[in-house]
Amino acid sequence: MSNPIVQQLNPSQRRAVQTVDGPVLIIAGPGSGKTMVITHRIAYLVDTIQISPFQILAVTFTNKAANEMRDRLVNLIRGKAHAVTVKTFHAFCSSVLRRYGKHIGLGSDYTIFDSEDQRDALKMAMEEVEVDPKRYPIRGIQSAISRAKSTMLDVHRFKTKGQSFYDEIVGKVYGSYERILSANNGVDFDDLLLKTLIIFKSQPSVLEQYQKRFFHVMVDEFQDTNIVQYQLAKILSGSFRNLCVVGDPDQAIYSWRNADIRNILSFQQDFPDAALIELEENYRSTGNILDVAKGLISANKQRIEKKIWTVKERGSHIVVHECFTGKEEANFIMEEINRLMTKKNRMLNDVAIMYRINAQSRALEEACLRYGIRYRIIGGVRFYHRREVKDLISFLRVINNPGDQISLLRVINIPPRGLGTRSIEKIIMCSRREHLSVYEVIQGIIEGNIPEHQLSSRSLKALEGFFLTIEELRVSAGVIDISQTIEMLLEKIGYRNYLEQTGNLEDRWDNILELKGMAQEFISGDSSGDLTALLEHLALVSDVDTLKENSDGITLITLHQAKGLEFPVVFMTGMEEGLLPHYRSMDSEEGIEEERRLCYVGITRAKQELYMTRAFRRGLMGSSGSSIPSRFLQEMPQDLLSGPQLIRQKSRYAQVIKDTDILEDEVEEIPMPVLKTGDKIEHKIFGNGIIISLSGNSFDQEVVVAFKDAGVKRLLLGYAPIEKV
DNA sequence: CAATATGATGTTTTT
DNA sequence: CATCATATTG
């Protein structure tokens, strides 16, 4: 009872920690101490029940979550924490495949293809089976194949199951794509999971080894696992049945990655005896924030009702602010941050700005620079996808796995050495004809074993230079360490010089140095430090993982990346129809509900202050249209919000109130003049005008104004800077 | 035949 | 607005 591990926990948390026999389902609301429960549960298993830490597997959603969990475990159980396996599904599977991939014909130096590589491979595949990428966009095929793999359909089963004509096309490409992958000794993200599952199912001895080892299996963010991941968790815990999953259906935001909330239902069916534990008390957010979140999420129809509550104070109102442009939105936020710092003693670290899409970050970044506010940004143009970084990684991949043709072809002419599309085509032809990998063909040509290459002597010379460079690096890579290899590579191909010619050298070179630094850090870390391990690390670390908590600055982050994090002050930007909810999700009810959950996730990141902003015009993708407020704003309890779209506001803007829209108890709080047809008004930009007509409800009041100079305009009141004259 | 310039074209979220 | 594909130039 007086066990120190459980002392500070509330009763449900304690139950979650101490229920260690058999299957357990923990439904954990936001801020309910989920991570604490998981770490304490592990500590309890190790210190109280005396389970060997070596026999515990904890699966997390991101590497960052894994690291954080490990850190917290160290505090609880000291050195024993390092014996616990804490990994993402992908990282765990990768380690299994490195060891046992040979059972399914996978060499241990396989390359992990990210979605960009995947696209290149698909292009090749489509060419091979003559599917026109114009008619059948790669993205669509990519996601169809991913969906297939996430639901355990291999090429054969996909082909027999598929019905539509499109399925037939996808089936063809899928088959060719798989051949290309295996020829490259490459796997994509989905393969990491699926191939591991296949090994477990087909190699009883391998499975048994893992099953015997992991006495306890825990899965975090269970609502965002896909079917393969669930199968993995189930099969791994097969011999002891000690599977504990933790999740929150209201925070499921990855269905587009084939996560399947139904896993929670499947779990309850598969384990009818599972203990169900609900964590309802929120320790993170103020009462107002939590109530806004609750109000919003209750608009979802497909939902299991869940209680969440807090004993915390009401806290500040949620501020809703509307601006003319994205730039103004950013400026407002900066001003507000400055105010919070001087008036409320906030630190930059306390603040996060969240957005739906990465493209929104640009305006915010620029504003940070203007205002001299330090910031750290996650993603944006993802670091690992930047051209120069990708170039370097591709070179390293070729050195590590010459069978990786995708990477090879990407860098064969970098920097330009006179091997254009034509020459490359010829090389590929050779490789088809001789049934050799591209690298083998190149070797053959150089060594004179393949005379019918048809390459000009100039191209031949260039090719030889390329080949010798790679060979030299491959040989020396075995002796010198990785950062020296990188150094040598950059030197040999004259990469710096190349960047100099292409312009903006500084930024790009900085990125190269950063990657080099990362490699350095990696080899001095606890891993084996070889090239294979580094490349695996680079493929599997996400950008969120690199978020440095200690450095001083505000955080710019997408709503998706923000899952699992918390900040005292949160700004949610772009609260507009089309952005949140995103227009690509707006054609289905499920899509909208997922967007709503995403919004819910954002809100519940906030501990004390929450702002929601929107812009009337946003400069996304070239020209911009005007936007209307996100429906989610209207779904929140209005009395907890304060801002100009509300009736009780201290806006500088005029506001029209129609009789039917006046809420009785708020009438006296309306300070604004009421506009009617014929009123003379003045617009900040368009100048003087007369109101011709009014329409719409109080939320999007539309007014038609005849301006003296600017002609007749339709405007939305509340956003249009209009004043009655 | 390779490299560059220009124009069109399409943009969520990520392991 | 930034990438991609095609046209043009060297």
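Letters A, B, ... are given to chains in the order of the sequence lines, protein chains preceding strands, and every chain is numbered from 1.
Gln142(A) pairs by the side chain to side chain donor-acceptor pair (under 3.5 Å) definition with Gln118(A), not counting sequence neighbours. Annotation: side chain to side chain donor-acceptor pair (under 3.5 Å) contacts of Lys149(A) (sequence neighbours excluded): Glu178(A), Asp188(A), Asp191(A). For Asp250(A), the salt bridge (charged side-chain N to carboxylate O under 4.0 Å, His left out) test picks out Arg303(A), Lys306(A), with sequence neighbours left out. Partners of Arg370(A) according to the side chain to side chain donor-acceptor pair (under 3.5 Å) rule, which considers only residues two or more places apart in sequence or in another chain, are Asn331(A). Qualifying salt bridge (charged side-chain N to carboxylate O under 4.0 Å, His left out) partners for Glu594(A), counting only residues two or more places apart in sequence or in other chains: Arg597(A). Not a single side chain to side chain donor-acceptor pair (under 3.5 Å) links Thr60(A) to another residue, sequence neighbours left out.
Contact between the side-chain N/O atoms of Lys563(A) and the OP1/OP2 oxygens of dT13(B) is not found at any separation under 4.0 Å. A sub-4.0 Å separation between OP1 or OP2 of dT14(B) and a side-chain N or O of Thr558(A) is present. Residue Asn358(A) has a polar side-chain atom (N or O) positioned under 4.0 Å from OP1 or OP2 of dT13(B).
Per the stacking criterion (ring centres < 5.5 Å, plane angle < 30°), Trp256(A) stacks onto the base of dT13(B). Ring-base stacking between His560(A) and dT13(B) is not satisfied when judged by a centre separation under 5.5 Å and a plane angle under 30°.
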Give each protein N/O atom lying under 3.5 Å from an N/O atom of nucleotides 3-5 of chain B, with the pair distance.
{"from": "dA3(B)", "atom 1": "OP1", "to": "Gly418(A)", "atom 2": "N", "distance (Å)": "3.2"}
{"from": "dA3(B)", "atom 1": "OP2", "to": "Asn413(A)", "atom 2": "ND2", "distance (Å)": "3.1"}

Taking only nitrogen or oxygen atoms into account, show me every contact under 3.5 Å that the protein makes with nucleotides 4-10 of chain C, one pair per line with its distance.
{"from": "dC4(C)", "atom 1": "OP1", "to": "Arg119(A)", "atom 2": "NH2", "distance (Å)": "3.4"}

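With rounding to whole Å, Glu116(A) atom CD is found 11 Å from dT3(C) atom C1'. Atom CE in Met586(A) sits about 14 Å away from atom P in dT12(B), given to the nearest Å. In this structure, CD of Glu595(A) is placed 12 Å from P of dT12(B), rounded to the nearest angstrom. As rounded to whole Å, 20 Å separates atom P of dT15(B) from atom CG of Asp260(A). His582(A) places its NE2 atom 11 Å from the P atom of dT11(B), with the value rounded to the nearest Å. Note: CZ (Phe466(A)) to P (dA2(B)) measures 15 Å, nearest angstrom. In this structure, the CZ atom of Arg139(A) is 9 Å from the P atom of dT13(B), given to the nearest Å. Per the geometry, CD1 belonging to Ile357(A) stands 11 Å off P belonging to dT14(B), to the nearest Å.
Taking every side-chain heavy atom of Arg362(A) into account, dA2(C) is the closest of dA2(C), dT12(B), dT15(B). Listed candidates were dT14(B), dT13(B), dT11(B). Nearest to the side chain of Gln561(A) is dT14(B). Nearest nucleotide to the side chain of His90(A), out of dC1(B), dT15(B), dT12(B): dT15(B).
Listed by first and then second residue, the salt bridge (Lys or Arg N to Asp or Glu O under 4.0 Å) pairs involving residues 91-101 of chain A are Arg98(A)-Glu536(A) (not counting sequence neighbours).
When each of Phe61(A) and Ile424(A) is assigned the nucleotide of DNA chain B with its nearest heavy atom, Ile424(A) is the one assigned upstream, toward the 5' end.
Side-chain contact, Thr555(A) with Arg376(A): a donor N or O sits under 3.5 Å from an acceptor N or O.
In this structure, Tyr230(A) has its ring center closer than 6.0 angstrom to the ring center of Phe222(A). Taking the six-membered ring for Trp and the full ring otherwise, His582(A) and Trp256(A) have centroids separated by 6.0 Å or more.
Comparing the P positions of dT13(B) and dC4(C) gives a spacing of 16 Å, expressed to the nearest Å.
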